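So that the names make sense, note that chain A is the first sequence line, chain B the second, and so on, each numbered from 1. Since this is a predicted model, take the numbers as computed values, not measurements.
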Number of protein chains: 2
Amino acid sequence: MSAEAATGEAWEDITPDAARRLVVAAVQAFAERGYHATTTRDIAGRAGMSPAALYIHYKTKEELLYQISRVGHQRSLDMLREARDGGGSAADRLAAAVRAFVRWHAEHHTTGRVVQYELGALAPDHYGEIVALRRQSEDAIRAIVAEGVAAGEFDVPEVPGTTLAVLSLCIDVARWFNPAGRRTPDEVGALYADLVLRMVRAEGGPVADRDRPEAGDGGLQAVQDLPDPPETADRRRSDQQ
Amino acid sequence: MSAEAATGEAWEDITPDAARRLVVAAVQAFAERGYHATTTRDIAGRAGMSPAALYIHYKTKEELLYQISRVGHQRSLDMLREARDGGGSAADRLAAAVRAFVRWHAEHHTTGRVVQYELGALAPDHYGEIVALRRQSEDAIRAIVAEGVAAGEFDVPEVPGTTLAVLSLCIDVARWFNPAGRRTPDEVGALYADLVLRMVRAEGGPVADRDRPEAGDGGLQAVQDLPDPPETADRRRSDQQ
DNA sequence: GTCTATAGGTTGATAGAC
DNA sequence: GTCTATCAACCTATAGAC
């Protein structure tokens, strides 16, 4: 599978064709070199156009990054919410969430790198919008963990901290995954789902059925301490803890 | 504590004074904006010098990054080897490794971000040197995990994959840690050591003492499938799997 | 919509006075 | 060792022909 095929899958519905080619080219370039090291000439060249053609479809280089970041974050959020709202025990749903999220970060590791590691180059208003999506993704995982604890399926030292660790583990896959490596995206997803369940399982193993409080977050969703909103686009990097 | 104080701790023995100020300034700038978005003017300005003064102490901007990366990676490796060679059970030593590594990435998250996420901007020969240090860090963790499995203390689905996950979890702390957040570096270290032990623990809990094979790697250190060495400095990002 | 040409500004790094 | 001044290269984005 060519790099373009792997990168392009998520961008099928962008039209016109030239705009899609530019996004695909930008994802590859941003993932390889980083946003700031990538020139608009490079992007346009990869898309088979002159440097000026980029500006017919996108107002700035940052708008291209914003498009990539927005679609990628929305896709992640949909995926995690689908797992949260799916059937089965909390363990089933947490495993499904981790499997899907990890698989996506491995399969689309080029997109994943841009989505996860180039946030800091977004304009302040775009950054704010993306952070809102990230909080919602964290909420989805936290809900599953909290429900598992409430149901007696999980035993964790702390719900928000464990949620952070699970999310963190999945995100970092985009950084290290190498398609020429030993494992397929499916295998990494299965391995990580296994490891995460080991991390949260109650000592006696999952409880099949017992009296349990109403499922839901039950006030367990602590407000996150996020850093101050950015003054300029490049003044901060983290949006968690 | 000022940002400079937190960043500066690791660079005390760099002389002369101007060279140290430049490294500290570079760490802060690279962590905030990324290597490519940082100008030599910005670094020199933060260090209280003219743009040209930087070149008295460092031949290029990349040499500054290399210095930061080399010292940070060497410090990480020393830390992990000290835990590996320390006393106690495999669980004790794995917990010590995670606690120290996570604590360092939280406390020195500015340095950590540069060390972990700006590798891709290194010149090819410098990059190769850093990757060698990273492999040795991975070896240190893998040795502890393998020894725990051999001793019956740990039960993991796969030693190399579990090692990767542990390392990954620790590294990602540099990305998300926010000193204005809820947790201190010590608290994150303790939490993560707890979570990692849950991840690797044998179902029946640690085995106190039993017949066990000679401790050591025993051939369990699989050769890593690393990507091809870079042709140019900016052509690759990952060095694992 | 795409091109060539280029404006207008910034960059990494150097020259030479002190 | 540090400064001011500057160069040559390169960048993002725009103008205007087709």
Side-chain angles (χ1 to χ4, degrees), chain A residues 11 14-30 32-69 114 118 120-127 232-235, chain B residues 11 14-30 32-69 114 118 120-127 232-235:
Chain A
W11 314 104
I14 292 183
T15 58
D17 181 73
R20 186 183 58 256
R21 291 202 323 270
L22 284 166
V23 176
V24 171
V27 167
Q28 292 174 356
F30 292 164
E32 283 176 17
R33 304 166 169 351
Y35 174 82
H36 285 111
T38 298
T39 68
T40 52
R41 282 171 167 76
D42 182 19
I43 297 169
R46 287 177 192 240
M49 299 175 211
S50 78
L54 187 151
Y55 295 93
I56 297 158
H57 304 280
Y58 299 93
K59 212 162 55 188
T60 62
K61 183 172 100 168
E62 191 271 346
E63 195 183 300
L64 216 28
L65 175 64
Y66 170 59
Q67 190 85 295
I68 294 162
S69 198
V114 180
E118 303 295 332
L122 288 168
D125 52 338
H126 291 161
Y127 178 77
T232 69
D234 287 330
R235 289 287 299 176
Chain B
W11 314 105
I14 291 182
T15 58
D17 182 72
R20 185 183 58 256
R21 291 203 324 271
L22 284 166
V23 175
V24 171
V27 167
Q28 292 174 356
F30 292 164
E32 282 175 20
R33 299 158 157 28
Y35 174 81
H36 289 290
T38 299
T39 67
T40 52
R41 281 168 171 78
D42 182 19
I43 296 169
R46 288 177 192 240
M49 300 176 210
S50 76
L54 186 151
Y55 295 93
I56 298 157
H57 303 281
Y58 299 94
K59 211 162 53 185
T60 63
K61 185 172 100 166
E62 191 270 347
E63 195 183 301
L64 259 173
L65 176 64
Y66 170 59
Q67 191 84 298
I68 293 161
S69 198
V114 180
E118 304 295 332
L122 289 168
D125 53 337
H126 291 162
Y127 178 77
T232 69
D234 287 330
R235 289 284 300 175

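Between the CZ atom of Arg21(A) and the C1' atom of dG1(C) there is a distance of 11 Å, rounded to whole Å. Atom pair Lys59(A):NZ and dA13(D):C1' shows a separation of 13 Å (rounding to whole Å applied). For the pair Leu64(B) CG and dT11(C) C1', the computed distance is 16 Å after rounding to whole Å. Nucleotide dG16(C) holds its P atom 16 Å from the CD1 atom of Ile56(B), rounded to whole Å. Atom NE2 of His57(B) is separated from atom P of dC3(D) by 9 Å (rounded to the nearest Å). We find that CG of Leu54(A) is positioned 13 Å from C1' of dT2(C), with the value rounded to whole Å. Spacing between atom CZ of Phe30(B) and atom C1' of dG12(C) amounts to 12 Å, rounded to whole angstrom units. Between Lys61(B) atom NZ and dT14(C) atom C1' there is a gap of 17 Å when expressed in whole angstrom units.
Counting any heavy atom pair closer than 4.0 Å across all strands shown, Ser50(B) reaches a base atom. As judged by a 4.0 angstrom heavy-atom cut-off over every strand, Ala52(A) is placed among the base-contacting residues.
In this structure, Tyr58(B) and Ile14(B) approach most closely via the heavy-atom pair OH-CG2, 4.3 Å.
Interatomic distance, His36(B) NE2 to Lys61(B) NZ, rounded to the nearest 0.5 Å: 7.0 Å. Once rounded to the nearest 0.5 Å, the distance linking OG1 of Thr40(B) with CE of Met49(B) reads 12.5 Å. Atom CG of Leu22(A) sits about 13.0 Å away from atom CH2 of Trp11(A), to the nearest 0.5 Å.
Of the side-chain N and O atoms in His36(B), none sit less than 4.0 angstrom from OP1 or OP2 of dT11(C). Residue Tyr55(A) places none of its side-chain N or O atoms closer than 4.0 Å to OP1 or OP2 of dT14(D).
The Pro16(B) side chain lies nearest to dG1(D) when the options are dA15(C), dT2(D), dG1(D).
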